[in-house]
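Worksheet for the structure shown next.
No hydrogens, no waters, no symmetry mates; every other heavy atom, side chains included, goes into these values. Just so it is clear: chains get the letters A, B, ... in the order the sequence lines come, proteins before strands, and each one is counted from 1. It should be emphasised that the depicted structure is a prediction, and the values quoted were computed from it without experimental measurement.
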Number of protein chains: 2
Amino acid sequence: MTETASKTAKQGKPKNPKAASRIANLLRRQIITGELRPGEKLLPERVLQEQFEVSRPTLREAMRLLEAESLIKISRGQHGGARVQKLDISVTARQVGMYLQMEGTTLADVLQARAFLEPPAARLIAENRSLAVLDELKGNIVAAKKAYEDSNPVALAEAQTHFSEVLTSQARNQTLSLFAKLLHDIVHMQMVDLTVKTHSREGVKKMQWLSIRGREKLIELLEAGEADEAERFWRNHLEASTKVVLSSYRAQMPIDVLQETE
Amino acid sequence: MTETASKTAKQGKPKNPKAASRIANLLRRQIITGELRPGEKLLPERVLQEQFEVSRPTLREAMRLLEAESLIKISRGQHGGARVQKLDISVTARQVGMYLQMEGTTLADVLQARAFLEPPAARLIAENRSLAVLDELKGNIVAAKKAYEDSNPVALAEAQTHFSEVLTSQARNQTLSLFAKLLHDIVHMQMVDLTVKTHSREGVKKMQWLSIRGREKLIELLEAGEADEAERFWRNHLEASTKVVLSSYRAQMPIDVLQETE
DNA sequence: AAAGTTTTATTGTTTAACTATTTGGCGTGG
DNA sequence: CCACGCCAAATAGTTAAACAATAAAACTTT
């Protein structure tokens, strides 16, 4: 046996590397293909153990993996167990953010990326302009103005990111929309300790007003269907305001997505 | 004791949700902050057990999490153990792809998103044109032409994606560059069973040639520093060729990122 | 010296128990 | 009858100790 060993005899069951990830793959597939839908309960541990013919610790490693991906949520108690969940985007955002963090990416870089996505989106909206979208954008401006007058920086920031989301989501491209959401989430993570500083700054008020005016102008262009002009205007606007943000806040610091995950 | 139970007495140790994810968080932080660098070996399980005061199955759940994130790679044997690794982008790509898959995103959608990112990148290259980048792009064209003449569709596809990568990576924005890589990875996963069909098709050859010509033309514009023109041209080119791809292949099917992972 | 064998350090997996946390039901006292 | 508290049952969370598998190094034999 010792001589023939090595790799001559292939095992009947290739038996993927680790039992846990093998099982996680199987369950993951069931969930993602919709075989198991959000809200549905997975079988309890001991049943799955028998089904997959593994021990409890091994099965539980698999459950941890799925739980970490936010595919399932596990609870204890009488009617506890693993329930399929809608995917939580913040989990993906964290992983993308982790990647960026390891490369020393700055918040400035992330903001710039966002500024990169929006102008083409604006173009698309101008090309096939829909009343619903335009109305939503207008409503957003109203809310932003109110927040501005109330000197409520948090609400104003919310309104701004919402505006961005509407822009990118209406580009009618799911992939791009997801990217926009990821960026929003990553930026949001950083803002936890960033927004606070907004209060005391001089000139912020003025910048905020310019920002609102810029969006109003964009809406006009969108309504007029001026695709080229809308795209160009919005790029210039974002570049200008990004510059201000970069110099104002400590956006040149690498992001950190690990702050007290909880 | 029964009466005072409930939640009156807070434990000294708040003891975050699950031991495994708590430990994973600690180790993850060490890795991401660079305290532990790629190649370095983590302490063996039994030492970490003592350090974190948990049992082996619990610790191993944590290790599984980090392994799934590609932060560590575990091997058995005498000098085995967990080693810190450079992050594997395909893990992140898979997770992003999972998200897209659950929304029923089509390959067409993903390709369109890529077409969305490149024109602005082309603009940037035209604005601050560097010889190195232009040379790399030119070299790419040469390779593509060779693949074309050899009727080597795989090499040609490689060249095309490389061209895209150079474009987006030279945008000097890490976030955007990461997105481009993610898209490339997701597309690549799908191409496993997609490229094969390329051979038999009529008109493909012609399309390939147009694609190469388009890139040559783009390079000319970039060299001339015609930012606006380069961006516009490239968008039109991508839109046109995307349309062809969409009708030719089964790009209208939802993507599937779960096909036989390993 | 080369080849094969044994030893050893490490992770992979199993089994069996105990602990903690919910929920529902049951009973007792108002 | 209702409300409160206690208990029981179902479930996941954690621990413990052992054994299996693997890979490298050390040793032994030819």
Separation of atom [atom1] in [X] from atom [atom2] in [N], rounded to whole Å:
| X | N | atom1 | atom2 | answer |
| --- | --- | --- | --- | --- |
| A:Ile74 | D:dT14 | CD1 | C1' | 14 Å |
| B:Lys18 | C:dA20 | NZ | C1' | 12 Å |
| B:Arg46 | D:dA16 | CZ | C1' | 17 Å |
| B:Lys73 | C:dT11 | NZ | C1' | 14 Å |
| A:Ile23 | C:dG12 | CD1 | P | 14 Å |
| B:Gln49 | D:dT15 | CD | C1' | 10 Å |
| A:Phe52 | C:dT13 | CZ | P | 15 Å |
| A:Arg83 | D:dA12 | CZ | P | 11 Å |

In terms of side-chain geometry, is the basic nitrogen of [X] or [Y] positioned less than 4.0 Å from the acidic oxygen of its partner?
| X | Y | answer |
| --- | --- | --- |
| B:Glu45 | B:Arg60 | yes |
| B:Lys146 | B:Asp150 | yes |
| A:Arg64 | A:Glu67 | yes |
| B:Glu35 | B:Arg29 | no |

task = Could you please spell out the steps behind the side chain to side chain donor-acceptor pair (under 3.5 Å) verdict for A:Arg28 and A:Asn25?
result = CA-CA 5 Å; A:Arg28 190 184 296 112; A:Asn25 285 343; 2.7 Å; yes

message = So, OP1 or OP2 of D:dT15: does either fall under 4.0 Å of a side-chain N or O from B:Arg56?
response =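 No, no such contact exists.
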
Can you tell me how far [atom2] of [Y] sits from [atom1] of [X], rounded to the nearest 0.5 angstrom?
| X | Y | atom1 | atom2 | answer |
| --- | --- | --- | --- | --- |
| A:Leu66 | A:Gln30 | CG | CD | 10.5 Å |
| A:Arg56 | A:Leu48 | CZ | CG | 11.5 Å |
| A:Arg114 | A:Asp109 | CZ | CG | 13.0 Å |

query = Regarding B:Thr175 and A:Gln112, is there a side-chain donor-to-acceptor distance under 3.5 Å anywhere?
reply =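 Distance-only check fails for B:Thr175 and A:Gln112.
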
inquiry  = Please tell me whether B:Asp256 and B:Gln190 have a donor and an acceptor in their side chains that are separated by less than 3.5 angstrom.
reply    =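 Looking only at side-chain atoms, B:Gln190 and B:Asp256 do not form any donor-acceptor pair under 3.5 Å.
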
inquiry  = For C:dT23, does the base pair up with any side-chain atom of A:Arg76 as donor and acceptor (N or O, under 3.5 Å, distance only)?
reply    =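 Side chain to base: no pair present.
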
key: Over all atoms of both residues, closest heavy-atom pair of B:Met102 and A:Ile32   =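 Smallest interatomic distance, heavy atoms only, reads CG-CG2, 4.1 Å.
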
query = Bend angle of the helix from C:dA1-D:dT30 to C:dG30-D:dC1 from five-pair axes at both ends, rounded to 10°?
reply =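 It works out to 10° between the end axes.
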
Protein N or O to nucleotides 24-27 of chain C N or O, pairs below 3.5 Å:
unit_1 : atom_1 : unit_2  : atom_2 : d
C:dG24 : O4'    : A:Gln78 : NE2    : 3.3

query = Hey, which of these two, B:Gly80 or A:Ala20, hits DNA chain C nearer its 5' end, going by closest nucleotide?
reply =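 Closer to the 5' end of DNA chain C: B:Gly80.
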
task = Residues of residues 57-71 of chain B with any non-hydrogen atom less than 4.0 angstrom from an atom of DNA chain D: list those, numerically ordered, please.
result =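 Within this stretch, B:Pro57, B:Thr58 sit under 4.0 Å of the strand.
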
